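The block underneath contains the structure these notes are about, expressed in structure tokens.
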Number of protein chains: 2
Amino acid sequence: MAEQLKSIEEFMKSRGFKLTRPRRRVVEKLLAVKGHVTADDLIDLLRKGGTPVSRATVYRTLGIVSQSGLIDGHDFQGGKKVYEPMVGRAHHDHLFCISCGKVIEFSEEAIERLQDLVVARYRFTPVYHSHKIFGYCETCTPKPALKARRS
Amino acid sequence: MAEQLKSIEEFMKSRGFKLTRPRRRVVEKLLAVKGHVTADDLIDLLRKGGTPVSRATVYRTLGIVSQSGLIDGHDFQGGKKVYEPMVGRAHHDHLFCISCGKVIEFSEEAIERLQDLVVARYRFTPVYHSHKIFGYCETCTPKPALKARRS
DNA sequence: TTAAGACTGATACGCAGTCTCAATTTGATA
DNA sequence: TATCAAATTGAGACTGCGTATCAGTCTTAA
Ligand SMILES: [Zn+2]
Ligand SMILES: [Zn+2]
Ligand SMILES: [Zn+2]
Ligand SMILES: [Zn+2]
């Protein structure tokens, strides 16, 4: 955990940013929370934790660190970004349940390889990608068995 | 083209919506423009074309027709949706140039198949997906040859 | 003709995120 | 330790896409 913080501090230094106390609070809170959180989640958590940080600083910090790939932001629902730490984690993509909001992470190396093929085909230089599949998770999917019984 | 309009009209009827004159104007304009346009692009085009339609109606119409899969909306840049007609077209995904904004469409059947595999693994019922690769298009990618010469 | 219901458009509103700018903090230097 | 320029902070104003509201209009079928 301190390890992860260190990585982030290094990145910021390399870009001429300081890991100030407010910024550290934001990053530490994000690292402490497992899963995907919004900027406002972080603001609430920090306030409740007795170490409030201004909205502007939270957004700015997330913006800066996002550039490093050490944290990732995703837009699932309509226009509300969720962030997750990526320090020391492998790349993954997401399934999102449009009924309950559940987020499932998946890795499929074969897909990643095929993307290399696609970009090569168009002489495109990829920087990052977003692959999201929307639908119903197991508990939100209507059971076919029940449907059949009804008829 | 009238063919495409017909499909959209059928969908709307089936859902209890009427293809009124303002709605038809919006849809026809979208079908007429090749490529990806925003709601405001459509508003401008309609106004310049002498057949203005209110903002609300444009947004509402795009929202209604989007539900059919006959047009698709994508969010590339920050929070500005672009729409494209899908009537009679096959599914495809996108490359987006973060330098010039160019959009390249691609189809990779193998990726689509692998997605089936992924969702099955999690007993997930897919409804739609979004697969976007961001980076630099051919003309925006710095040429390695030039770089080498410099050193 | 009349009336119920769908639709339109002007505009107010919501909301995530950004910008502004005076006050504060940082950290390099004397 | 004192000093100062540069970076950062935070409160709140602001932006911009999209949605909600609602009075007035258009349809359509008695
Ligand atoms: Zn991926
Ligand atoms: Zn994730
Ligand atoms: Zn696809
Ligand atoms: Zn497309």
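All values reported here derive from a predicted model rather than from experimental measurement. By convention in this document, chain letters (A, B, ...) are assigned in the order of the sequence lines, proteins followed by strands, and residues within each chain are numbered from 1.
- For A:Y59, there are no ring-ring contact (aromatic ring centres under 6.0 Å, His included) partners two or more places apart in sequence or in a different chain.
- When DNA chain D is scanned 5' to 3' for any atom under 4.0 Å from a heavy atom of chain A, the first and last hits are D:dA7 to D:dA11.
- The separation between A:L42 atom CG and C:dA16 atom P is 14 Å, rounded to whole Å.
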Contact list (N/O, under 3.5 angstrom) for nucleotides 5-14 of chain C vs protein:
residue: C:dC7; atom: OP1; partner: B:K18; partner atom: N; Å: 2.9
residue: C:dC7; atom: OP1; partner: B:R23; partner atom: NH1; Å: 3.1
residue: C:dT8; atom: OP1; partner: B:T20; partner atom: OG1; Å: 2.3
residue: C:dT8; atom: OP2; partner: B:R23; partner atom: NE; Å: 3.2
residue: C:dT8; atom: OP2; partner: B:R23; partner atom: NH2; Å: 3.4
residue: C:dG9; atom: OP2; partner: B:S54; partner atom: N; Å: 3.3
residue: C:dG9; atom: OP2; partner: B:S54; partner atom: OG; Å: 3.4
residue: C:dG9; atom: OP2; partner: B:T57; partner atom: OG1; Å: 3.0
residue: C:dG9; atom: N7; partner: B:R60; partner atom: NH2; Å: 2.7
residue: C:dG9; atom: O6; partner: B:R60; partner atom: NH1; Å: 3.2

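- Every residue two or more places apart in sequence or in another chain was checked for a side-chain contact (heavy atoms from CB on, under 4.5 Å) with B:A120, and none qualifies.
- At a non-hydrogen distance threshold of 4.0 Å, A:G79, A:K80, A:K81 from residues 72-85 of chain A come into contact with DNA chain C.
- Rounded to whole Å, atom C1' of C:dG17 lies 5 Å from atom OH of A:Y59.
- Every ring-ring contact (aromatic ring centres under 6.0 Å, His included) that B:Y128 has, sequence neighbours left out, goes to A:F134.
- Rounded to whole Å, atom C1' of C:dA16 lies 14 Å from atom CG of A:D44.
- Among residue pairs with one or both ends in residues 9-22 of chain A, none qualify as salt bridge (Lys or Arg N to Asp or Glu O under 4.0 Å); sequence neighbours excluded.
- Taking B:H129 as the reference, B:H91 meet the ring-ring contact (aromatic ring centres under 6.0 Å, His included) condition, with sequence neighbours excluded.
- Applying the ring-ring contact (aromatic ring centres under 6.0 Å, His included) test to B:H74 and every residue at least two apart in sequence or in another chain returns B:F76, B:H94.
- For B:E138, the salt bridge (charged side-chain N to carboxylate O under 4.0 Å, His left out) partners at least two apart in sequence or on another chain are A:R123.
- Listed by first then second residue, pairs satisfying salt bridge (Lys or Arg N to Asp or Glu O under 4.0 Å) with a partner in residues 61-85 of chain B read B:E84-B:R89, not counting sequence neighbours.
- Looking at B:E105 and B:H36, their side chains do bring a donor and an acceptor atom within 3.5 Å of each other.
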Without placing hydrogens or testing angles, list every side-chain donor-acceptor pair under 3.5 Å for residues 40-53 of chain A, not counting sequence neighbours.
residue: A:D41; atom: OD1; partner: A:T38; partner atom: OG1; Å: 3.3
residue: A:D41; atom: OD2; partner: A:T38; partner atom: N; Å: 2.9
residue: A:D41; atom: OD2; partner: A:T38; partner atom: OG1; Å: 3.1

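- Here the P atom of nucleotide C:dA16 and the CG atom of A:D41 are 11 Å apart, to the nearest Å.
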